[in-house]
Amino acid sequence: MHVFRLRGDFETVDIYSAALFDLGARGLEEKPGEVWAYFPERRELPFPGEWLELPDTDWLEAYKRDLKPVVAGPFVVLAPWHGWSGEEKRILLEPGMAFGTGHHETTRMALEALAERVEPDMRVLDLGTGSGILAIGAAMLGAQAVGVDIDPAVIPQASENAKLNQVKVSFDLGSLDDVEGPFDLVVANLYAELHAYFAPKYRGLFGICGTLILSGILLEREALVREALEASAFALLARRQEGEWVCLIYAAR
Ligand SMILES: C[S@@+](CC[C@H](N)C(=O)[O-])C[C@H]1O[C@@H](n2cnc3c(N)ncnc32)[C@H](O)[C@@H]1O
């Protein structure tokens, strides 16, 4: 396993975290005075830091050991070995290499927004599904959920996670040009620039109306997304913020 060490803590490195995951990072871990980004292979990175080599198994074992249950709205996200006595709906995830354990603000806010908007039998698309967590959450709320991702490595993991939770979700390799709408609700935890680029295409995923939940937006790039969405026939319904991260909920009109 290859580790890229960045100076700082989760808070100072947070501005890079979405970009690190997009460039192939499989996990981030805070150490005293630094943050370790785990990569399956070395690559050029546009951030200040240095590479370190680790035996493959160490980080995954340490990561699993330190993983804690996370509550998000009516859900709790658990690893299969966690106990939980609360009333929350349990999303079980086998921690693997895919993004989406519920520990990131962007995933938690998207789950909370889904819980407020999903109704039984809605057709829901999870664009950039990672571990499948959002599609699985939607299916638990009674939706017919579909998840797509451009990373072939995550599709089997998302399918395994759906089985673990005994929900039916179809996961496919691809992106928004590969899905067949219309959907009643689309959730996408990506990043601001991609939401702005996709804005005109998002409208084509819906029929007459629908709900679009956009997460993964850094506060400083919120205006970019809002301008693009408002120019593409979407009306802002609600906004969530946790720290530097924003989640925008739109109505297609
Ligand atoms: C931040 S993770 C979100 C994972 C999960 N949905 C969550 O909320 O935790 C973003 C995911 O989007 C995928 N992705 C990035 N660009 C994409 C694109 N253009 N189309 C589809 N998926 C994409 C990545 O491979 C990654 O799995």
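First listed ligand is number 1; within each ligand, the first listed atom is number 1.
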Do me a favour and list the nearest non-hydrogen protein atom to atom 12 (O) of ligand 1 with residue, atom name and distance? Gly128 CA, 3.2 Å
Determine whether the side chains of Ser175 and Asp178 contain a donor N or O and an acceptor N or O closer than 3.5 Å. no
Between Thr129 and Val146, is any pair of side-chain heavy atoms under 4.5 Å apart? no
May I ask you to decide whether Lys163 forms a salt bridge with Glu160, counting only side-chain N to carboxylate O separations under 4.0 Å? yes
Contact partition for Phe198 relative to ligand 1, non-hydrogen atoms under 4.0 Å: side chain
Give me the ring orientation class for Phe234 and Phe206: parallel if the planes are under 30° apart, tilted from 30 to 60°, perpendicular past 60°. perpendicular
shortest atom 20 (N) of ligand 1-to-protein heavy-atom contact is with Ser175 OG, 2.7 Å
If you measure from the Lys or Arg side-chain nitrogens to the Asp or Glu carboxylate oxygens, is any gap between Glu222 and Arg226 under 4.0 Å? yes
Among Thr129, Asn189, Val77, closest by any non-hydrogen atom to atom 1 (C) of ligand 1: Asn189
Sequence neighbours excluded, the answer for side-chain contact (heavy atoms from CB on, under 4.5 Å) partners of Leu52 is Val3, Arg5, Trp36
Quiz question: by atom type and distance under 3.5 Å, do the side chains of Trp84 and Glu88 form a donor-acceptor pair? yes
Within 4.0 Å of some non-hydrogen atom of Leu194, the atoms of ligand 1 are 16 (N), 19 (N)
Pick, from Val154, Asp151, Asp149, the option with the minimum heavy-atom distance to atom 24 (C) of ligand 1. Asp149
Close approach, Gly174 and ligand 1, non-hydrogen under 4.0 angstrom: yes
Do any heavy atoms of Thr106 fall under 4.0 Å from ligand 1? no
I need the atoms of ligand 1 closer than 4.0 Å to a non-hydrogen atom of Leu134, numbered in the order shown. 6 (N), 8 (O)
Nearest non-hydrogen atom to atom 17 (C) of ligand 1 belongs to which of Asp177, Thr107, Ile150, Val148? Ile150
